[in-house]
Amino acid sequence: MSSALPEHGSPWSDIEPRMRDLAKGDVKWRDGRTGMYIFNAGPDVEHVQKTAYAMFSSENGLGPAAFPSLAQMEREVVAAGLGLLNAPAGAAGAMTSGGTDSIFLAIKAARDHARAKRGMTGALNIVAPASVHPAFDKACMVMDIELRRIPVKNYLADISAMEAAIDAATLMLVGSAPCFPFGLIDPIEALGEIAKRKDVWLHVDACVGGYIAPFVRMNGADLSAFDFAVPAVSSMSADLHKYGYASKGASTVFFRSEALREFMTFDAGPWPLGRMITPSLAGTRPGGAIAAAWAVMQHLGVDGYRTKQREVTQAREKIEAGVRKLGFDVLGAPQLGIVAFSHPTVDAFQIYAQMHHRGWFTAALVDPRALHLMLSPKHNDVAHEYLADLAASLGAVSGEELTPKYAG
Ligand SMILES: *Cc1c(COP(=O)(O)O)cnc(C)c1O
């Protein structure tokens with residue numbers, strides 16, 4: 001009988017080398033040549049992550065009474081996030097499995113709040129800049145909400161177009177801090193003005209910015225207000241497994257008040273065990289992800305994060321200066337860890353293919369066609385290699401384009 005499950009088990013000593021073998025085909029992210037998926041803060045952080053994860057990988061955050069350790073770690077991680085994002089006293093939050101999860105839960109809370117408190121029982125919509133993450137589409141698909149993606153202006157939320165798109169069925173306004181495609185922080189204060197005027201819930205998606213922007217500001221950058229400092233912001237999402245340098249499977253969702261957070265809670269049943277009341281969509285919650293996030297925060301502290309995020313800033317500044325020298329246009333004025341750039345004459349996709357051939361695993365934008373980098377502290381060490389390969393790639397592509405001129 002054949003089965004994917006081996007007939008007989010093996011000791012770990014046999015399994016580990018096979019897994020190392022499997023990983024040989026993966027991108028070599030530790031050398032810094034990966035500009036997506038990975039947040040590489042160095043071997044010390046990786047060690048803390050993995051050790052803490054392993055310590056609690058069997059434990060379950062579903063049972064705070066059984067695992068007060070995890071409950072305490074979650075409370076402390078949430079409190080740290082709320083503090084970094086200027087939340088007022090009485091604000092609340094929870095850990096989730098990722099940004100998509102956090103966004104889903106913020107929308108669920110806003111929807112249930114609108115139904116209960118604003119009498120919005122019919123069809124609903126969300127008004128967002130076209131640059132918001134597809135997690136909003138997914139949540140809207142599941143919850144039967146219309147997502148109105150409004151074209152951006154200079155790569156940022158177009159305030160007047162968004163205001164014009166609001167109607168009586170608008171449940172939520174969204175801004176990103178920053179958006180993933182361009183790495184730019186939407187004008188959150190201006191969105192806050194509309195949200196206040198129209199009495200609409202404002203969510204700030206700081207999935208990829210929430211744990212870098214506060215430290216970049218501490219390091220001296222002049223960032224416009226993007227968090228709970230803007231009074232109309234009702235909820236935020238911020239991913240620990242991005243610039244929080246936590247293990248994968250960790251994000252946070254925050255609400256201005258406990259009263260708003262309560263709309264996130266699921267009170268389900270009865271089933272044979274009675275009612276099941278859970279803070280979020282998850283049943284079982286991975287203890288490892290909670291523990292790793294907490295441990296990395298303890299390991300880095302404010303000064304550790306400031307140092308890591310300064311390295312990201314330095315990497316971005318080097319890359320920006322270098323690509324400009326090569327004739328690229330940086331899209332907007334990025335201030336955090338993401339930068340996108342296009343070329344006025346050479347197709348970004350051809351350059352992308354060249355870079356991929358040279359071992360760089362990064363993203364590209366289709367509208368407009370542009371190269372995209374999500375930078376880690378490690379990239380500060382390899383920015384010069386990236387730029388040298390980019391110059392060579394540009395030369396190779398331009399050379400190809402010149403070929404017909406000289407042919408024959
Ligand atoms: C990464 C990201 C998300 C989604 O987070 P996941 O953890 O991948 O589910 C949402 N919004 C923004 C801006 C992001 O960068």
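Each ligand, and each atom within it, is numbered from 1 in the order the structure gives.
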**Prompt:** Hey, does Asp227 have a side-chain heavy atom less than 4.5 Å from the side chain of Val204?
**Reply:**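 Result no, sub-4.5 Å side-chain heavy-atom pair not found.
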For [X], what residues pass the side chain to side chain contact (heavy atoms under 4.5 Å, CB included) criterion, not counting sequence neighbours?
X	result
His299	Asp44, Val45, Val48
Thr96	Asp101, Ser102, Leu105, Ser251, Val253
Met276	Leu62, Trp271, Thr278

**Request:** Return the protein residues near ligand 1 (heavy atom under 4.0 Å from any of its atoms), ordered by chain and residue number.
**Result:** Gly98, Gly99, Thr100, Ile103, His133, Pro178, Phe180, Asp205, Cys207, Val208, Asp239, His241, Lys242
**Request:** Over 60° means perpendicular and under 30° means parallel, so classify the ring planes of Tyr352 and His356, tilted if in between.
**Result:**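 Aromatic pair His356/Tyr352 classed parallel.
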**Prompt:** Within 45° of the axis and under 6.0 Å from the centre of the six-membered ring of Phe266, does NZ or CZ of Lys108 qualify?
**Reply:**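 Yes, a cation-pi geometry.
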